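Have a look at the structure below, then the notes.
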Protein chains: 2
Amino acid sequence: MIKLEALRVFVTVAESGNIKDAADAVGRTASAVSMTLKQLEDEIGGPLFQTDRKNSLTALGNLMLDLGREQIRSFDKSVSIMRAFAHSRIGSLSIASVPSVATNVLPPILQRFLETRPQVQVELFDIDSAQVRRMVESGVADIGIAGESRAGGGVEFTPLFSDRFKLLCKDNHDLCRLDRPVAWSDLNAATLIRNGASDRIEAEDYRQLSARSLITVYNVTSLVAMVKAGLGLTILPSLTMHGAHEGVAALDLADASASRQVGLVERRDVPPSPVAAAFRAFALKEIPALVAGQLGS
Amino acid sequence: MIKLEALRVFVTVAESGNIKDAADAVGRTASAVSMTLKQLEDEIGGPLFQTDRKNSLTALGNLMLDLGREQIRSFDKSVSIMRAFAHSRIGSLSIASVPSVATNVLPPILQRFLETRPQVQVELFDIDSAQVRRMVESGVADIGIAGESRAGGGVEFTPLFSDRFKLLCKDNHDLCRLDRPVAWSDLNAATLIRNGASDRIEAEDYRQLSARSLITVYNVTSLVAMVKAGLGLTILPSLTMHGAHEGVAALDLADASASRQVGLVERRDVPPSPVAAAFRAFALKEIPALVAGQLGS
DNA sequence: TTATCAATTTCAGAAGAATTGAAGTGGGCG
DNA sequence: CGCCCACTTCAATTCTTCTGAAATTGATAA
């Protein structure tokens with residue numbers, strides 16, 4: 001059986017023009033090289049060199065030099081692709097994330113992640129938590145970032161950080177003058193605008209307030225516009241409105257349980273690609289730190 | 001160092017879906033296959049299968065299956081090309097031959113030679129002996145067929161057959177009624193047309209006749225036309241006019257030394273390509289036999 | 001959950017292939 | 001004509017790969 005290693009030796013000899021130099025180049029003795037060459041000639045079925053001074057090739061030798069070089073080049077390239085993929089230097093990464101994280105957290109995280117992996121292709125989808133889970137479950141996204149969900153399904157949740165809800169209202173609202181965190185009871189008289197995120201709050205007092213609400217707005221930009229226009233106030237995770245909006249105030253809530261758990265969503269039983277695994281580890285280490293810094297400030 | 005053989009084993013396992021079948025397929029034990037796989041994973045830097053039941057690949061495994069298959073296919077193809085070339089089943093063969101042989105000898109020879117080598121590409125040049133040597137010497141032709149030459153040069157001559165000269169004249173010429181081979185002295189009164197081939201005859205009697213000749217024609221067809229038109233008579237190797245022309249007669253010459261040696265012309269010190277070597281051996285065996293049959297009839 | 005069974009892995013020894021250093025061969029140059 | 005250098009050959013050694021038995025693992029059924 002002809003081995004690629006034998007071709008490597010032959011090509012080196014053909015390029016050196018003699019066995020001694022080639023032997024040095026491949027780190028063997030001349031006799032080892034000589035035997036390899038002989039074996040190769042036997043297996044191919046003809047002489048590769050014109051004489052036993054290895055400085056001129058036969059027609060067969062020329063053909064084998066061309067083909068051999070090409071095989072070696074191609075094999076080495078394949079191996080380097082395999083290794084690059086295994087070490088997550090190449091590959092593609094599809095991330096599905098809720099908009100708050102996609103907007104406020106992912107940009108610096110991705111930038112640093114890609115600094116050492118300039119060849120990785122990234123796709124980022126910003127969609128709501130339910131769709132994040134759906135995309136991960138169906139395999140469209142390699143990894144998701146979303147709020148925690150009760151139903152397990154085919155996906156697994158790993159917490160990254162927790163994000164307290166805040167009250168969003170016009171900055172001239174009466175509540176702004178309260179010198180303490182806002183209690184649910186403070187909102188009895190207020191007009192509450194519901195949104196996709198706040199529906200997750202399980203406190204009974206909030207549920208009752210929410211049930212009375214007549215407006216629901218899913219898009220954050222629209223929601224803030226409504227609040228700014230004075231249609232009412234709303235409850236949002238603090239990260240969602242990070243970066244403060246003109247004319248609206250974000251007030252702390254007294255109920256410490258009013259928070260959402262944000263974490264990674266991954267497919268169960270399907271191992272991540274190397275890039276996805278690398279991103280997972282990176283996210284798990286960097287996102288909590290980054291968010292702590294952002295929410296603390 | 002990753003070996004192509006390891007990729008072969010991996011591809012087989014990936015295609016079988018389990019180690020046992022793959023081990024049977026490659027003719028090894030399951031444990032050998034298992035170890036090869038483990039080593040491959042170590043060298044690539046990641047797992048190839050989702051579990052140790054080898055029925056589902058990781059993303060890395062899929063990539064390696066694709067790349068590995070391609071490498072194996074390409075390597076095997078290269079090797080088969082090398083072998084085919086070494087065994088002269090493929091390759092190209094450039095033959096330079098004097099017209100008489102190209103016309104009367106080579107067609108059946110080449111046909112039989114190519115019967116077992118349908119992929120071999122042949123080029124055939126019919127030119128005079130001097131140019132045959134030149135083409136062989138310059139490497140344009142792999143092998144030549146020509147009359148013997150005194151000067152050695154960079155080429156070597158191997159006799160194939162010898163070919164006696166004959167006298168060509170109109171079939172109503174006086175000489176046709178001679179009931180014996182024609183002697184040089186019979187031609188003293190005749191008009192001789194010289195040609196490229198007959199200049200090789202070294203007999204002094206002929207040289208004198210030739211020196212008196214006023215016309216030289218190199219092309220055989222033209223030469224025959226001249227003779228037929230009655231311009232004179234000429235001396236040609238018998239093979240050259242094999243297949244008799246209407247209206248002209250070929251008469252035996254008394255001088256047995258008036259013959260040419262036809263043989264193979266090859267480059268000295270440059271080994272022939274496998275096809276050329278095969279053709280050389282074939283020609284050396286078959287051409288003398290074929291010519292003996294043709295000239296005998 | 002535990003028992004069972006087959007596939008896979010691990011291990012140590014065996015077989016085989018490649019490598020080495022020394023001795024032998026042969027072609028080219030003074 | 002003989003020396004010299006490169007290559008080849010040879011036998012011993014080392015390294016790799018393989019095997020068969022035992023241990024482990026994971027899936028399936030009780």
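Quick caveat: nothing in here was measured; it's all calculated off a predicted structure. To find a chain, count down the sequence lines: A is the first, B the second, and so on, and within it residues start at 1.
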Nucleotide [N], atom [atom2] - distance to [atom1] of [X] in whole Å:
X: B:K38; N: D:dT16; atom1: NZ; atom2: C1'; value: 17 Å
X: B:L37; N: C:dA7; atom1: CG; atom2: P; value: 17 Å
X: A:D42; N: C:dA17; atom1: CG; atom2: C1'; value: 15 Å
X: B:M35; N: D:dT16; atom1: CE; atom2: P; value: 13 Å
X: B:I19; N: D:dT25; atom1: CD1; atom2: P; value: 16 Å
X: A:N18; N: D:dC7; atom1: CG; atom2: C1'; value: 10 Å
X: A:D52; N: D:dT9; atom1: CG; atom2: C1'; value: 13 Å
X: A:E41; N: D:dC7; atom1: CD; atom2: P; value: 13 Å

Check the phosphate of D:dT8 against A:K54, side-chain N and O only, distance under 4.0 Å to OP1 or OP2. Yes or no? yes

Any side-chain N or O of A:Q39 less than 4.0 Å from the OP1 or OP2 oxygen of C:dA18? yes

Could you check whether A:R117 makes a cation-pi contact with A:F113, meaning its NZ or CZ is under 6.0 Å from the centre of the six-membered ring and within 45° of the ring axis? yes

Where the side chain of [X] is concerned, which of [options] is the nearest nucleotide?
X: B:S31; options: C:dG21, C:dT19, C:dC11; answer: C:dC11
X: A:T29; options: C:dT9, D:dT8, C:dT20; answer: C:dT20
X: B:A32; options: C:dT10, C:dT20, D:dC18; answer: D:dC18
X: B:R53; options: D:dC18, D:dT17, D:dG26; answer: D:dG26
X: A:K3; options: C:dG21, C:dA18, D:dG20; answer: C:dA18

Got a second to check how far B:L124's CG is from B:S97's OG, nearest 0.5 Å? 6.5 Å

Apply the test salt bridge (charged side-chain N to carboxylate O under 4.0 Å, His left out) to residues B:R83 and A:E43: give CA-CA distance (whole Å), side-chain angles for both, the deciding distance (0.1 Å), then the verdict. CA-CA 8 Å; B:R83 289 213 169 101; A:E43 283 173 316; 5.7 Å; no

Over all strands shown, is A:R28 touching base, sugar-phosphate only, or nothing at heavy-atom distances under 4.0 angstrom? sugar-phosphate

With a 4.5 Å heavy-atom cut-off, do B:F49 and B:N55 have their side chains touching? no

Report yes if the side chains of B:V26 and B:E5 come closer than 4.5 Å at any heavy-atom pair, otherwise no. no

Could you say whether B:G17 or A:A30 is positioned toward the 5' end of DNA chain C, judged by the nucleotide with the nearest heavy atom to each? B:G17

